[in-house]
Chemist: 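Quick one: the structure is below, questions incoming.
Below, all heavy atoms of this structure are taken into account, side chains as well, without hydrogens, waters or symmetry copies. Just so it is clear: chains get the letters A, B, ... in the order the sequence lines come, proteins before strands, and each one is counted from 1.
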Amino acid sequence: MIFPARLPTTLFSVLASALTLRRHPLTVLVLLLYLLLAWLLYNGISGIEYQWRWGRIPRYFFIQRDGEWVSGVLTKGLLVTLQLSFLAGVAALGIGFLAASMRLLPLTAGRLIATGYVQFMRCTPLLVQLYLLYFMFGTVFGMPRFSAGVLALALFEGAFVAEIFRAGYLAVPQTQVDAACALGLKRFARWRLVIVPQALPLILPPLANLFVSIIKHSSIVTIIAIADLTDAARNVVAETFLAFEIWLSIGVVYVAICFPLAWLVRQWELHLRQKR
Amino acid sequence: MSLLHLDSVVHNYGERRTLNGVSFELQQGQIGCLMGPSGSGKTTVLLCIAGLEHIHSGNIALKQQYISSATQHVAPEKRRVGMVFQDFALFPHLSVGDNILFGLRRTAHNSWQRQLAEMLELCGLETLAEVFPHELSGGEQQRVALARALMTDPDLLLLDEPFSRLDATLHEKLSRQVRDILKARKQTVLMVTHNQNEAFLIADVGGVINEGAICQWDDMDGLYHRPRCTFVAGFVGDGALLAGRMQADGAVEGALGRLVGESVASNPLITAGDPVQVLLRPDDVVLSADATGAADTPCAPAIVEQRAFRGATTLYSLRLTASDEKIISICPSHVNYLPGDRVDVRAQVRHLILFPALET
C-alpha cells in the first residue's frame, strides 16, 4: 500500500532535484501546471481531428533550387524582422537617451517637450501610431514603408527607454554625485566613474526586456505591408491553409531569437553585479 | 589670518530662507563645530562652503580667496574642500583602496601606493584595502569616508553629522579616534552635529545655529559656561531657567532665595530691580532630605517629578512647591529619591548666568 502512494512524490522529487529547483516549494505546483497545459494542448489538437502536414513546412524556410539551397519566404521575412528590430532598437536607445536627458536637465522647454513625448507614446497604442505615421507623414514626405516601420517602433520604444534611463539615473543617490564633486571630479568624470557604473546594472534587465519586446512588437508592421516574418507567415497560411504548422513554427522562431538574447543580457548583468 | 571666513551668508531654498546672515571664521588647524536642531540650516552651511549650493548674498572666503558670493561661484571640484557625508557616500562599485584613491584619479594609481598605505594605517584600515564597502562595519565605513576625503589633502574638511549613523556606545571612542587622525594631519575641519557631546569631544571652537542664524560662535567652554542667549543655554548642556529679580549688589532674589555669584553673562541692559532669568545647570542644584544641613545657604522645598538613572549619577526633575517652577538636578546615584518625594533644594552657583526676563 505504501509504495504506490509514495511513487508520485518520489518521481516529483527526482524530477525537481534534477532541475535543481528543489529548494523552491512551489516547484511541484509549477510542474503540475505545465502538465495541465500539455494535456489541454494535446486534447485541443486531437479534438479537432487536424491533419498534420509538417513535411510541407521546411520548404518555406529553405528551398533547393537548381541544386543550390536558397532562403524561403519565411527566412527572408525573419531577416527583415531582425533588420527592423535592430535598427529600431538602436534608434530607440538614441531617442530614449535624448528624451531622458531633456527630462532631467533644468531646462523647462526641453522638459515639457520630452515629458509630452513620453506621455503621448505611452498612452496611445502602437497600432494607432503606426497608422498615423505611415498614412499621414509617410504620404506627405514620401517615406518608404520600411523607414516608417522602423521610425514608428523606435519612437514607441524610445519613450520606454527614456523612462528606464531616467529611473537608473535617479536611483544613484545625490550624495554619490556630491561626493565625487567634493573629491574634485569634473562633470564628465562624475558620469563615467560614478553614475554610469552604478546605474548600468540597474537599467540592464528592463532594457533587455524592452529589446525582446521590440522583436515581438515588430510583427505589427505587417499592417503596413512590410514583408517581415509575421507577414510572410500570413501569406503562406493564406496560400496553404497550414495554419497550425506555420504559426507554431513562427512561435518557435521568435522564442529561438528572444530567449538567447534575454539569457545573454542576464549573464552580462550577473557579471556586472559580481564586480561590485 | 583666518582660513575660512563666512560673512553674512544668505541662502534661500525656493521661497524659504534657510540661512539668514551666517558669519563666522575658522583658523588654520582648528576643528570647528556647528550645532543646532534639525532644520536649523547647519547642513546647508556645509553645502554652501563645499559649493554644492549657491548663496544669494554675503560671501565665503577660503585662504583669502572669495569662493562664493552673489555673483561668484567657484565650482565645487575646484575648491579644495573635502566633505564626509552623513551617509558616507562610499562608492559601492569600488573597493576600499579604490574609494580612497578616487580623488587622485588623474595620476597613475601605483604611484600613490605608499601614501595609500600610510593613510590606511592612520585610519586603522590596513587589512581592508581590497574589501568592498558593503562588507564593512559602520565605524569602518566612516573611517574610509574620512580617509577618502583626507587623501586629496583639502584645505578644509567638512563633516556632516559624522557619527549619526553609528551606534551611540561607539560615539565616544570613535570621536576620539577621529580627532586624533585630524589633529595628526593638522587638518582644518568644520563639522555639524545635533549632538553636543560629539562637539565637546572633537571641536576646539563651535557655534550654535538656529533658524538660519548663528546665535553664538565661541570656544566650547564659552558656549557652556557663558551662553549669550537662552537658546544657546538650553541647547548646549542641560539646564533650567528660574525667574528672579536683580538686586543692587549683583545678587539675584528668586524662588531659591538669594543667589550670589560672579555674574558672567552680564547684560548691560539688566539693572537693579529688573526681572531676570537665571540659568541653573543640573550640577548647580543640590538635594537634601531636610533643610538643616547648611543654614548659611537658603533652600526651598520641592517635589521629585521624574528620575533618570544614569549609572554613576541620577538626573532628577523637580518642581518647586512655592513657585511651581521646574528645575533639574544631577546627584551621585547613592542619593536616592523616588517620584513624589519631598526634598529640599539648594543652589550652589559659582557664577550667575543671567538673561532678561521674557515680556509677559
Chemist: Rounded at 0.5 Å granularity, tell me how far CD in A:Gln176 sits from CG in B:Asp87.
Modeler: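 One gets 7.5 Å once the value is rounded to the nearest 0.5 Å.
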Chemist: Counting only heavy atoms not in B:Tyr66, do more than 12 sit closer than 6.0 Å to its OH atom?
Modeler: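 At most 12 heavy atoms, drawn from other residues, nucleotides or ligands, come within 6.0 Å of this atom.
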Chemist: Does atom CD (B:Glu130) have a neighbourhood of more than 12 heavy atoms from anything else shown, all under 6.0 Å?
Modeler: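 Counting neighbours around CD of B:Glu130, 12 or fewer heavy atoms of other residues, nucleotides or ligands fall under 6.0 Å, so no.
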Chemist: Might you point out which heavy atoms bring B:Pro92 and A:Gln198 nearest each other, and give the distance in Å?
Modeler: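 Between these two residues, the closest heavy atoms are CG-OE1, 3.3 Å.
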Chemist: Mark yes when over 12 heavy atoms from residues, nucleotides or ligands other than A:Arg111 sit less than 6.0 Å from its CZ; otherwise mark no.
Modeler: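 More than 12 heavy atoms, drawn from other residues, nucleotides or ligands, come within 6.0 Å of this atom.
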Chemist: Non-hydrogen atoms of chain B under 4.5 Å away: do they reach the side chain of A:Ala189, the backbone, both or neither?
Modeler: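 Neither part; nothing is under 4.5 Å.
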Chemist: Looking at A:Phe86, I'd like to know if its CZ atom is crowded, meaning that more than 12 non-hydrogen atoms belonging to other residues, nucleotides or ligands lie closer than 6.0 Å.
Modeler: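 For A:Phe86, atom CZ is not crowded (no more than 12 foreign heavy atoms under 6.0 Å).
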Chemist: Counting only heavy atoms not in B:Lys78, do more than 12 sit closer than 6.0 Å to its NZ atom?
Modeler: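 Not buried by this count: 12 neighbours or fewer within 6.0 Å.
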Chemist: Could you measure the distance from the CG atom of A:Leu183 to the CE atom of B:Met151? Nearest 0.5 Å is fine.
Modeler: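 Rounded to the nearest 0.5 Å, the CG-CE separation comes to 11.5 Å.
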Chemist: Pick from B:Ala149, B:Pro76, B:Ala50: which one has the most heavy-atom pairs with chain A under 4.5 Å?
Modeler: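 Answer, by heavy-atom pair count under 4.5 Å with chain A: B:Pro76.
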Chemist: Heavy-atom pairs under 4.5 Å with chain A: which of B:Ala89, B:Pro154, B:Pro133 has the most?
Modeler: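 The option with the most such pairs is B:Ala89.
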Chemist: Using heavy-atom distances under 4.5 Å, tell me whether B:Arg148 contacts chain A through its side chain, its backbone, both, or neither.
Modeler: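 Both backbone and side chain.
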Chemist: For the candidates A:Cys181, A:Ala180, A:Pro173, which exhibits the highest count of non-hydrogen atom pairs separated by less than 4.5 Å from chain B?
Modeler: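 Of the options given, most contacts go to A:Cys181.
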Chemist: So, taking the atom named CG in A:Asp178 and the one named CG in B:Leu47, what distance separates them when rounded to the nearest 0.5 Å?
Modeler: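 Atom-to-atom, A:Asp178:CG and B:Leu47:CG are 7.0 Å apart.
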Chemist: Do you know which two heavy atoms are closest between A:Arg190 and B:Glu77, and how far apart they sit?
Modeler: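 Closest heavy-atom pair between A:Arg190 and B:Glu77: NH1-OE1, 3.5 Å.
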Chemist: Taking C-beta and beyond as the side chain, do B:Phe91 and A:Leu193 meet within less than 4.5 Å on heavy atoms?
Modeler: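 Result no, sub-4.5 Å side-chain heavy-atom pair not found.
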Chemist: Given a strict heavy-atom distance threshold of 4.5 Å, which part of B:Leu158 is in contact with chain A: side chain, backbone, both, or neither?
Modeler: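 Looking at B:Leu158, nothing touches chain A.
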